[in-house]
Amino acid sequence: MTQSGPTHGPLLSAELLAREDLRAALAEHDFASAFSLIKKYGGLSQNRIAAACRLTPGKVSTVMSRDQEITSYEVIARIADGLSIPGHLVGLSPRSWEEQPATPPPPGPAALPVDDFPWQPTATTKLATQLTRTDLAMDRRTATRLIAAAAITGTALLDPLEGWLVPPADAEERRRPGRLSEHDVTQLEQAAIAFRRWDHQFGGGLRLKAVLGQLNETATALEERQRPDIERRLYCVMAQLAGTAATMAWDSGHQRRAQDYYRLALRAAHAGNDQPFGANVLAGMARQMLYADRPADALELIRLAQDGSREMIGTRVCAMLRTREAWAYAATGRITAFRRATSQAEEELASAGRLDEEPHWIAYFDQAELAGVTGGRMLDLARADPRAHADAAAEHIRAALSVRGAEAGRSHALDRIGLAETRFLAGDLTGAVEETRYAVEAASRTRSSRVRSQLGALYQYTVGRSTNAAVRDARDSIRELLAN
C-alpha cells in the first residue's frame with residue numbers, strides 16, 4: 001500500500017503525541033479514546049479528524065461512541081498518515097513521510113552555556129542569576145517548547161563535571177557591601193528546607209517559580225560582599241534551592257532544564273565546600289539518567305560522587321549512593337553486582353547513627369526508602385524474569401508501604417504502582433486489579449509527571465484483557481486519571 005503521507009503540517013503537537021494516555025490508546029487501537037483525546041487536547045473537531053483521515057463524519061462519530069471499532073489495516077494507516085502519527089505508535093512500520101525533515105519549531109529561549117562558566121564562586125552566582133531571570137520571565141508557550149529539549153548524556157554531560165573534583169578558584173572581590181546577618185541566613189535555610197519538603201510530598205513543580213524567586217534572591221545577596229562564613233552558608237542555600245528546582249523541573253517534564261539546575265546545584269555545593277550535598281546532587285543526576293535508560297552514565301555519576309566526597313559523608317549518604325549504584329547494575333542485568341551493592345547499602349544504613357547527626361536532606365533515606373528502592377529495582381529484573389523476581393519485588397515494596405503511607409506523596413504513589421505491576425507480572429489478576437485501584441487513588445493526589453509516566457506503563461498490562469470486567473474497569477480508571 002502506498003503511503004501518501006500528510007499534505008499539511010503536523011496536526012498533532014509533539015506534546016500531545018507524548019501523552020501516555022494517547023500513546024496507550026493508539027497502541028491498543030482504541031480510536032474512541034484516541035479521537036476523544038485528540039479532540040480535547042488537540043483542538044480538532046470531529047469533522048476535522050474525519051477530513052484528515054479520509055473518513056466520513058458519521059464514521060468518526062460511531063467510533064467515538066464505541067458503536068464501531070476500527071480494525072482495518074488500511075483505515076489505521078489512513079489515520080496515521082492523516083494525523084501525522086508515527087507508525088510505531090499504532091503498530092505500523094515507519095511511514096515514508098517520517099523520513100522527511102520536519103519544519104523546525106519556533107525558537108525557544110537560547111540554552112544557557114552552563115558549561116562555559118568556570119568553577120568559580122562568582123561565576124556560579126552569575127549563572128544562578130541568568131538561569132532564574134530567564135525562567136521567571138518564561139511564558140507558558142515557551143515552557144511547553146522546552147519540554148521537547150532532550151537531556152544531555154555521555155561525554156557532553158560527564159566531562160564538564162570534572163571540575164567538581166578540584167578546589168574552587170579564588171573569588172573576585174565584590175564591590176558592594178552586604179549586610180546579611182546570621183539570622184537572615186537561618187531564615188533562608190529554613191525556607192530551603194520547606195521547599196524541599198513540599199517537593200517530596202506533592203511533586204509536579206507546583207511551587208517551582210517560588211523556588212526560583214528565592215534562588216534569585218540568594219544570588220543577589222551573593223553578588224554583594226558578605227562575611228566569609230555567611231557567604232559559605234549562602235552558597236549551601238543556593239545548592240539546596242537549585243537541587244529542589246531541578247527535581248521540580250524534572251517532575252514537570254523539563255529534562256534539560258532539570259540538568260541545568262542540577263549542575264548549578266553542584267557548582268554551588270562546590271563553592272560552599274559542601275561535599276556531602278554535592279554527592280547528593282550527583283546521585284539525583286544519576287537517577288535522572290537511570291529513568292532515561294542511561295545506566296552507564298548513571299554509574300559514572302555515582303563514581304564521581306564517591307570520588308569527590310570520600311571520607312566526608314556519613315553512612316546514610318553512603319548507603320543512598322550504594323542504592324543508586326545497585327540500580328545501575330540492575331538496569332544492565334548485573335544481578336550479582338546488584339545484590340552486592342544492595343547488601344552494602346543495608347549494612348551501611350544499619351550502622352547509621354541518629355538522624356540529627358547527618359544533614360537534614362538525607363533524613364528521608366530510611367529503611368522504608370531502602371525497601372522501596374530495592375523493590376523497584378527487583379521489579380526491573382522481574383520484567384525480564386517474572387518468575388524469579390516478581391514476588392520478591394512485591395515483598396520489598398510492601399515493606400516500604402507498611403512504614404510510609406500516603407503522607408509520602410510521590411514515593412507512596414510510585415510504590416503503589418510498582419506493587420500493582422508485580423501482581424500483573426505474577427499473573428495474579430485479582431491482586432493486580434486491587435492494587436491498581438490503590439495506585440490510581442495515590443496517583444490522583446500528586447501532579448508528578450514521573451508518577452503519571454509510571455501509571456501509563458501500568459496501563460499496558462490491562463491491554464488485551466477486555467473480556468475481564470475487573471481489568472477493564474482498572475484500565476478505564478487509569479485512562480480517566482491520565483486524561484485529566
* Step through the shown structure and confirm whether more than 12 heavy atoms of other residues, nucleotides or ligands are within 6.0 Å of CZ on Arg339. =>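 Counting other residues, nucleotides and ligands, CZ of Arg339 stays at 12 neighbours or fewer.
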Donor-acceptor check, side chain of [X] to backbone of [Y], threshold 3.5 angstrom: yes or no?
{"X": "Ser13", "Y": "Leu16", "result": "yes"}
{"X": "Arg78", "Y": "Cys53", "result": "yes"}
{"X": "Arg23", "Y": "Leu17", "result": "yes"}
{"X": "Thr332", "Y": "Ala328", "result": "yes"}
{"X": "Thr315", "Y": "Leu349", "result": "no"}
{"X": "Ser65", "Y": "Thr62", "result": "yes"}
{"X": "Ser36", "Y": "Ala32", "result": "yes"}
{"X": "Arg377", "Y": "Ala330", "result": "no"}
{"X": "Arg19", "Y": "Leu482", "result": "yes"}

Can you confirm whether [X] sits close enough to [Y] that some side-chain heavy atom of one is under 4.5 Å from a side-chain heavy atom of the other?
{"X": "Val166", "Y": "Trp119", "answer": "no"}
{"X": "Ile193", "Y": "Gln190", "answer": "yes"}
{"X": "Arg383", "Y": "Glu421", "answer": "yes"}
{"X": "Glu20", "Y": "Gln460", "answer": "no"}
{"X": "Val317", "Y": "Asn280", "answer": "no"}
{"X": "Glu346", "Y": "Arg322", "answer": "no"}
{"X": "Phe365", "Y": "Thr323", "answer": "yes"}
{"X": "Phe31", "Y": "Leu26", "answer": "yes"}

Do [X] and [Y] have side-chain N/O donor and acceptor atoms under 3.5 Å apart?
{"X": "Glu189", "Y": "His360", "answer": "no"}
{"X": "Arg66", "Y": "Ser33", "answer": "yes"}
{"X": "Thr244", "Y": "Asp199", "answer": "no"}

* Asked: Restricting to pairs with a member in residues 451-464, which pass salt bridge (Lys or Arg N to Asp or Glu O under 4.0 Å), not counting sequence neighbours?
  ->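 Pairs touching residues 451-464 that pass the test: none.
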* salt bridge (Lys or Arg N to Asp or Glu O under 4.0 Å) contacts in which one or both residues fall within residues 286-302, not counting sequence neighbours ->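 The answer is Arg294-Asp297, Glu300-Arg303.
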Where is the tightest heavy-atom contact between [X] and [Y], given as atom of each residue plus distance?
{"X": "Val281", "Y": "Ala265", "result": "CG2-CB, 3.8 Å"}
{"X": "Ala269", "Y": "Ala239", "result": "N-CB, 3.6 Å"}
{"X": "His412", "Y": "Ala442", "result": "CD2-CB, 3.8 Å"}
{"X": "Ala443", "Y": "Val451", "result": "CB-CG1, 3.6 Å"}
{"X": "Leu83", "Y": "Ala52", "result": "CD2-CB, 4.0 Å"}
{"X": "Ala345", "Y": "Leu370", "result": "CB-CD1, 4.2 Å"}

* In sequence, state the C-alpha distance, the side-chain angles, and the governing distance for Leu158 and Leu301, and then conclude on side-chain contact (heavy atoms from CB on, under 4.5 Å). => CA-CA 7 Å; Leu158 297 168; Leu301 288 164; 3.8 Å; yes
* Passes salt bridge (Lys or Arg N to Asp or Glu O under 4.0 Å), Arg450 versus Asp251? Steps please. -> CA-CA 6 Å; Arg450 271 180 278 168; Asp251 226 18; 3.1 Å; yes
From [atom1] ([X]) to [atom2] ([Y]), nearest 0.5 Å:
{"X": "Gln275", "Y": "Leu165", "atom1": "CD", "atom2": "CG", "answer": "10.5 Å"}
{"X": "Thr124", "Y": "Arg263", "atom1": "OG1", "atom2": "CZ", "answer": "12.5 Å"}
{"X": "Arg479", "Y": "Asp30", "atom1": "CZ", "atom2": "CG", "answer": "4.0 Å"}
{"X": "Ile335", "Y": "Thr342", "atom1": "CD1", "atom2": "OG1", "answer": "11.5 Å"}
{"X": "Gln255", "Y": "Ser252", "atom1": "CD", "atom2": "OG", "answer": "10.5 Å"}
{"X": "Asp415", "Y": "Leu401", "atom1": "CG", "atom2": "CG", "answer": "4.5 Å"}

* Tell me, with the steps shown, if Val63 and Leu55 meet side-chain contact (heavy atoms from CB on, under 4.5 Å). => CA-CA 11 Å; Val63 169; Leu55 301 171; over 6 Å; no
* Start with the C-alpha gap between Tyr262 and Leu282, add the side-chain angles, then the distance that decides, and say whether side-chain contact (heavy atoms from CB on, under 4.5 Å) holds. => CA-CA 8 Å; Tyr262 271 134; Leu282 287 164; over 6 Å; no
* Using the side-chain contact (heavy atoms from CB on, under 4.5 Å) rule, take Ile362 and Ile313 through it: C-alpha gap first, then chi angles, then the decisive distance, then the call. => CA-CA 11 Å; Ile362 196 61; Ile313 55 177; over 6 Å; no
* Name all residues meeting the side chain to side chain contact (heavy atoms under 4.5 Å, CB included) criterion together with Ala245; count only those two or more places apart in sequence or in a different chain, and write none if there are none. =>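 Ala245: side chain to side chain contact (heavy atoms under 4.5 Å, CB included) contacts with Leu208, Val211, Leu212, Tyr261.
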* **For Leu355, side chain to side chain contact (heavy atoms under 4.5 Å, CB included) partners two or more places apart** =>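 Residues passing side chain to side chain contact (heavy atoms under 4.5 Å, CB included) with Leu355: Arg316, Ala363.
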* To do: With sequence neighbours left out, write down each residue that passes salt bridge (charged side-chain N to carboxylate O under 4.0 Å, His left out) with Arg423, or none if nothing qualifies.
  =>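 Residues passing salt bridge (charged side-chain N to carboxylate O under 4.0 Å, His left out) with Arg423: Asp391, Asp428.
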* salt bridge (charged side-chain N to carboxylate O under 4.0 Å, His left out) with Asp274: which residues, sequence neighbours excluded? ->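 Asp274: no salt bridge (charged side-chain N to carboxylate O under 4.0 Å, His left out) contacts found.
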* To do: Mind telling me whether Trp164 and His270 have parallel, tilted or perpendicular rings, with 30° and 60° as the class edges?
  =>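 The arrangement is tilted - the two ring planes meet at 30° to 60°.
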